Amino acid sequence: MSGVFVQSALILLREGLEALLVIAALAAYLNKAGAQSRLPALYIGAVAAIGASFVAAWAFFVFNNGDHNDLLEGVVMYVAGAGNAATF
C-alpha cells in the first residue's frame with residue numbers, strides 16, 4: 001500500500017472518531033438536561049452531514065476531476081466559516 005493512502009486513511013479514521021465523540025457528548029448533554037426529545041434532530045443532523053459530505057466529494061470529483069485547487073479550498077473554508085458565524 002502507498003504511504004499516502006495509509007496516511008489519508010488514518011486521518012479519515014481520526015476525524016470520524018472525533019466526530020463520533022462530539023455527537024456522543026452532545027447526546028449525553030441532551031439526556032442529562034432532560035431534552036431527550038431533541039435527540040432525533042441530533043442524529044438526523046449527523047446523518048445529513050455524512051450525506052452532504054458524500055455529495056460534496058462526488059461533486060468535487062465530477063467538476064474538478066479530483067485535482068487539488070487552492071482557490072476552491074479557500075472559498076469553501078470562507079463559506080463554512082461565514083455559515084458558522086451566522087449561527088451565533
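The shown structure was predicted, so the numbers you read here are calculated from the model rather than taken from an experiment.
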Let me have the donor-acceptor pairs involving side chains of residues 35-63, under 3.5 Å, with sequence neighbours excluded, atom names and distances please.
unit_1 : atom_1 : unit_2 : atom_2 : d
Q36    : NE2    : N31    : O      : 3.2

**Request:** Please identify each residue that fulfils side chain to side chain contact (heavy atoms under 4.5 Å, CB included) with L20, with sequence neighbours left out.
**Result:** none
**Prompt:** Can you name the residues that form a side chain to side chain contact (heavy atoms under 4.5 Å, CB included) with Q7, not counting sequence neighbours?
**Reply:** none
**Request:** With sequence neighbours excluded, tell me which residues meet side chain to side chain contact (heavy atoms under 4.5 Å, CB included) with V4.
**Result:** S2, S8
**Complete:** Residue set satisfying side chain to side chain contact (heavy atoms under 4.5 Å, CB included) with I11, at least two apart, ordered chain then number -> R14, E15
**Message:** My understanding is that a hydrophobic cluster links ILVMFWY residues whose side chain heavy atoms are under 4.5 Å apart, including indirect links. Using that, what else belongs to the cluster containing L17?
**Reply:** L13
